[in-house]
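In what follows, a single structure is set out as structure tokens and then discussed.
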Amino acid sequence: MKVATWNVNSLRVRLPHVLKWLEREQPDLLALQETKLRDEEFPADTFADRGYSATFSGQAGYNGVAILSRQPPQDVAHGIGAGFADEQRRVLAATFGGLRFYCLYVPNGDRVDSDKYRYKLEWLAALRELLAAELERHPLLLVVGDFNVAPEDRDVYDPRAWAGKVLCSPKERAALGTLLALPTHDVFRLFQQPEKTYSWWDYRGIAFRRNWGLRIDLMLASSQLSQMCQTCRIDKEPRGWERPSDHVPVIAEFALA
DNA sequence: ATGGTTGGTGCCCAA
């Protein structure tokens, strides 16, 4: 089973890129973030024509998550639940065969110690509780998306410049650490990877040309599933296409039907 | 250098 995640930063604008990439890579599952579409605007028919079911949870203007799949989804759920009221559309889950799959768009956090930063930390704490419960029910759990946290300094092009800043701050890394301690495994790091491999580059200036990036798009797998992971890589190419997203796809393959 | 770029909305906000 081939699984991918991509923050497309507006599916309206990026639809041609997504279709081109789907055609080329033929994943079984593709998680999308920042679709920025209302549910009634989602181009489900366009994906159905290409053999993909779509499930989505969107809102006007911001956020929005979706899952494209070769198989129809089962047990679709959205939001963190468990009393964490959140009108922002950032979480979508579905089951495919024995796999429980989560598509996440973690809050950005704006600036350390801002209101949005506190919301991000509370959101991640609530997510930990949700995933702990899901791991009890689903030995094969995969949580993918834009985590808006660079796990380690090697995931940052200039760790000294970014030290303590949002996306890299100790509290954010500790919150991600509580997800990894469940345990889950950052499947990208199960394999030898090229140095300076990132998944996001700022639109501003010459960040992409200089490879001034961060690895903030992640795939966390349960222990049993991580043992079935065969490859994980980041496809940098779409960042060089005309009018790109600021993020690129992360792809993993699992020994699963 | 607290900069600049993109997308969605609507005459700024989020990232």
Inset, instruction - Could you check how far NZ of K36(A) sits from P of dA14(B), rounded to whole Å? - result: 12 Å
Inset, instruction - Mind calculating the distance between CG (D246(A)) and C1' (dT6(B)) to the nearest angstrom? - result: 8 Å
Inset, instruction - Write down the distance separating the C1' atoms in dC11(B) and dA1(B), rounded off to the nearest Å. - result: 29 Å
Legend entry - W241(A) six-ring face occupied by K20(A) cation (under 6.0 Å, within 45°): yes
Legend entry - Phosphate OP1/OP2 of dA15(B) contacted by R90(A) side-chain N/O (<4.0 Å): yes
Inset, instruction - Report which part of the nucleic acid A60(A) touches: base, sugar-phosphate, or nothing (heavy-atom distance under 4.0 Å, all strands). - result: sugar-phosphate
Inset, instruction - Decide if atom NE2 of H185(A) counts as having more than 12 heavy atoms of other residues, nucleotides or ligands within a radius under 6.0 Å. - result: yes
Inset, instruction - Please state the P separation for the pair dG3(B) and dG7(B) - nearest whole angstrom. - result: 22 Å
Inset, instruction - Establish, yes or no, whether the cationic atom of R89(A) lies under 6.0 Å from the six-membered ring centre of Y105(A) and within 45° of the ring axis. - result: no
Legend entry - Integer-rounded Å distance: dT5(B) C1' and E242(A) CD: 16 Å
Legend entry - Contact residues, residues 102-116 of chain A to DNA chain B [heavy atom, < 4.0 Å]: Y105(A), N108(A), R111(A), K116(A)
Inset, instruction - Could you measure between the two C1' atoms, the one in dT9(B) and the one in dC13(B), and give it in whole Å? - result: 9 Å
Inset, instruction - Report, as yes or no, whether the 6.0 Å neighbourhood of atom CD on E242(A) holds more than 12 heavy atoms from other residues, nucleotides or ligands. - result: no
Inset, instruction - Grab the CG-C1' distance between N9(A) and dT9(B) for me, whole Å please. - result: 14 Å
